[in-house]
Amino acid sequence: MPSVMQLTGLGRSTIYRLMAQQQFPCPVRVGVRAVAWRRSELAQWSETRPVASH
């Protein structure tokens, strides 16, 4: 989760809220108590996000 938060710039609760709304990739179970996100899915999700302009 920390690397996903750093990569996306989102907080933990925001990630879980977006997952519940089916607007963020769901994790893949890699162990009994461990999950991971596919980097390719995160990259694809990131490409669909609007770019902030300042």
Side-chain angles (χ1 to χ4, degrees):
M1 177 60 78
S3 60
V4 174
M5 292 168 56
Q6 183 178 15
L7 181 69
T8 62
L10 300 175
R12 181 183 310 270
S13 59
T14 302
I15 291 171
Y16 283 118
R17 180 173 46 79
L18 290 174
M19 284 173 35
Q21 297 172 350
Q22 297 179 346
Q23 296 178 3
F24 193 82
C26 289
V28 177
R29 185 158 303 280
V30 294
V32 177
R33 295 180 53 183
V35 296
W37 279 261
R38 289 184 176 97
R39 188 172 297 272
S40 61
E41 290 180 359
L42 292 176
Q44 183 180 14
W45 173 85
S46 179
E47 290 173 2
T48 65
R49 301 294 291 174
V51 177
S53 60
H54 293 281

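Residue pairs that meet the salt bridge (Lys or Arg N to Asp or Glu O under 4.0 Å) test with at least one member in residues 28-39, sequence neighbours left out, are Arg38-Glu41.
Other residues, nucleotides and ligands contribute only 12 or fewer heavy atoms inside 6.0 Å of the CD atom of Gln44. Counting non-hydrogen atoms of other residues, nucleotides and ligands closer than 6.0 Å to CD of Gln6 gives a total of 12 or fewer.
As a member of the Ile/Leu/Val/Met/Phe/Trp/Tyr network built from side-chain separations under 4.5 Å, Trp45 groups with Met1, Val4, Met5, Leu7, Leu10, Ile15, Tyr16, Leu18, Met19, Phe24, Val35, Trp37, Leu42.
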